[in-house]
Asker: 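Can you keep this structure in mind? I'll have questions shortly.
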Number of protein chains: 2
Amino acid sequence: MATRTRGLVKSLHQPENRLLCELLAEAREKVGLSQEKLAKRLKRTQSFVAKYEGGERRLDVVEFLAISRALGADPIRIMRQLMRRAAI
Amino acid sequence: MATRTRGLVKSLHQPENRLLCELLAEAREKVGLSQEKLAKRLKRTQSFVAKYEGGERRLDVVEFLAISRALGADPIRIMRQLMRRAAI
DNA sequence: CGTGACTATCCCAAAATAGGATAATATCGA
DNA sequence: TCGATATTATCCTATTTTGGGATAGTCACG
């Protein structure tokens, strides 16, 4: 569950991003979707999901919205959680 | 004001992203900051700002938050506008 | 015009990503 | 405990994106 990587982008290493990854992973599990199923909804590969959840890939705003939708989650709520917990 | 590019990421071309760019550019102008000044606050270059505003570069969630902060704007409000206007 | 402020575009080395494979883990029933 | 299956993590590398200094426009104003 931790993440092992080599050399990545700045925002990947920010705690805010870690948090976002966790929130999205939690949200997915809560809905009972596997990475594979979610990937399918997103028309992406499982490795894509594994990567952003693991913090190996950045998520842009538009992607974040798409994922939230695919999870049936409210992006605003997630954003709020992120901001609150990260003390932004 | 339109954007001329060669071969870019999918989410760059989504109307949602265009909208986001516009919202952020508007927000910046409203506060009376130049790209240069904003860039300085973000510890980035003017070209960075020009690129994301022009839709030549994706903005990840963490960056979006940082920019909103730098503009003294509420990310949630911007997100809402984006969602409403893009009919997400 | 001329000047200065601001923004867009060029360039390209350096860095990040895509996604198919495959390895590693977890789950669970017999 | 096994083995089978489901799920997730990691590898690999061609392709795509990016960073940011430099430079070319663009605009406003005298």
Side-chain angles (χ1 to χ4, degrees), chain A residues 1-67 70-73, chain B residues 1-14 16-67 70-71 73:
Chain A
M1 75 218 16
T3 308
R4 180 68 26 75
T5 38
R6 300 162 287 180
L8 301 174
V9 153
K10 262 181 302 182
S11 48
L12 271 185
H13 293 133
Q14 298 181 254
E16 296 166 354
N17 194 63
R18 288 297 166 113
L19 203 43
L20 178 61
C21 299
E22 288 168 22
L23 289 172
L24 286 175
E26 279 173 25
R28 176 180 59 76
E29 282 154 19
K30 192 163 298 176
V31 194
L33 278 178
S34 67
Q35 292 183 343
E36 182 90 34
K37 302 263 191 204
L38 173 56
K40 203 149 294 178
R41 290 192 185 185
L42 295 169
K43 297 193 202 300
R44 293 283 198 139
T45 62
Q46 175 262 330
S47 121
F48 168 79
V49 176
K51 277 177 184 164
Y52 81 69
E53 285 192 357
E56 284 192 71
R57 185 198 181 282
R58 304 180 307 147
L59 268 187
D60 70 39
V61 177
V62 174
E63 290 168 337
F64 166 70
L65 290 173
I67 292 169
L71 291 174
Chain B
M1 71 216 17
T3 310
R4 183 66 27 75
T5 40
R6 299 161 287 179
L8 301 174
V9 154
K10 262 181 304 183
S11 46
L12 271 185
H13 293 130
Q14 297 180 256
E16 296 166 352
N17 194 64
R18 288 297 165 114
L19 204 43
L20 178 62
C21 299
E22 289 168 21
L23 289 172
L24 286 175
E26 280 173 25
R28 176 179 59 77
E29 282 155 18
K30 190 162 301 176
V31 193
L33 277 178
S34 67
Q35 291 184 343
E36 182 89 32
K37 302 265 191 202
L38 173 56
K40 203 149 291 175
R41 290 194 187 184
L42 295 169
K43 297 193 201 301
R44 294 284 197 139
T45 62
Q46 176 262 331
S47 121
F48 168 80
V49 176
K51 276 178 185 167
Y52 82 68
E53 285 192 357
E56 283 192 72
R57 185 197 180 283
R58 305 180 306 147
L59 267 188
D60 72 39
V61 177
V62 175
E63 290 169 337
F64 166 70
L65 290 173
I67 292 168
L71 290 175

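Per chain, numbering begins at 1; letters A, B, ... match sequence-line order. Computed from a prediction, not measured in an experiment: that's the story for all the values here.
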Asker: B/R57 has a side chain; which of D/dG19, D/dT8, C/dA8 sits nearest to it?
Answerer: D/dG19
Asker: Closest approach of A/R58 and A/E63, non-hydrogen atoms and distance?
Answerer: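 Minimum heavy-atom separation between A/R58 and A/E63: O-OE1, 3.9 Å.
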Asker: Test for a donor-acceptor pair under 3.5 Å between the base of C/dA8 and the side chain of B/Q46, counting only N and O atoms.
Answerer: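 Donor-acceptor pair under 3.5 Å: yes.
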Asker: Mind listing the closest non-hydrogen atom pair of A/L38 and A/A70 along with its distance?
Answerer: CD1-CB, 3.7 Å
Asker: Rounded to whole angstroms, how far apart are NZ on B/K51 and P on D/dT16?
Answerer: 18 Å
Asker: May I have the distance from B/H13 (atom NE2) to D/dT16 (atom P), rounded to whole angstrom?
Answerer: 13 Å
Asker: Tell me, which pairs form a ring-ring contact (aromatic ring centres under 6.0 Å, His included) where one or both residues lie in residues 27-51 of chain A, sequence neighbours left out?
Answerer: A/F48-A/Y52
Asker: Side chain of A/R44 only, heavy atoms from C-beta on: which candidate in C/dA8, C/dG19, D/dT8 is closest?
Answerer: C/dG19
Asker: Please give, in whole Å, the distance from D/dT10 C1' to A/E53 CD?
Answerer: 15 Å
Asker: Could you tell me the separation between the NZ atom of B/K37 and the P atom of C/dG4, rounded to a whole number of Å?
Answerer: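 Checked: the NZ to P distance equals 16 Å.
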Asker: Is there a donor in the side chain of A/Q46 and an acceptor in the side chain of A/Q35, or the other way round, less than 3.5 Å apart?
Answerer: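 Yes, a side-chain donor-acceptor pair sits under 3.5 Å.
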Asker: Where do B/C21 and B/E53 come nearest, in terms of heavy atoms and distance?
Answerer: CB-O, 3.3 Å
Asker: Nearest-Å distance, OH (B/Y52) to P (C/dT9)?
Answerer: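 Answer to the nearest Å: 16 Å.
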Asker: Where the side chain of B/R28 is defined as all heavy atoms beyond and including C-beta, which of C/dT17, C/dT7, D/dG21 is the nearest nucleotide?
Answerer: C/dT7
Asker: When the distance from CD of A/E56 to P of D/dA9 is rounded to whole Å, what number comes out?
Answerer: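 Result: 9 Å.
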Asker: Given D/dT18, is OP1 or OP2 found less than 4.0 Å from the side-chain N or O atoms of B/R58?
Answerer: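 Yes, B/R58 has a side-chain N/O under 4.0 Å of OP1/OP2 on D/dT18.
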Asker: For B/A66 and B/L42, which heavy atoms make the closest approach, and how far apart are they?
Answerer: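 The pair with the smallest heavy-atom distance is O-CD2, 3.9 Å.
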Asker: Would you say a side-chain N or O of A/Q35 is under 4.0 Å from OP1 or OP2 of D/dA6?
Answerer: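 Answer is no, no contact under 4.0 Å.
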Asker: Angle, rounded to 10°, between the helical axes spanning five pairs at each terminus of the helix from C/dC1-D/dG30 to C/dA30-D/dT1?
Answerer: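 Nearest ten degrees gives 40° for this helix.
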Asker: For A/L71 and A/R28, work out which heavy atoms get closest and say how close.
Answerer: CD2-CA, 3.6 Å
Asker: Report the distance from atom CD of B/E63 to atom P of C/dA16, rounded to the nearest whole Å.
Answerer: 12 Å
Asker: With no angle test and no hydrogens, is the base of C/dG19 tied to the side chain of A/S47 by a donor-acceptor pair under 3.5 Å?
Answerer: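 In this structure, the two groups form a donor-acceptor pair.
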Asker: Between C/dA18 atom P and A/L42 atom CG, what is the distance in whole Å?
Answerer: 12 Å
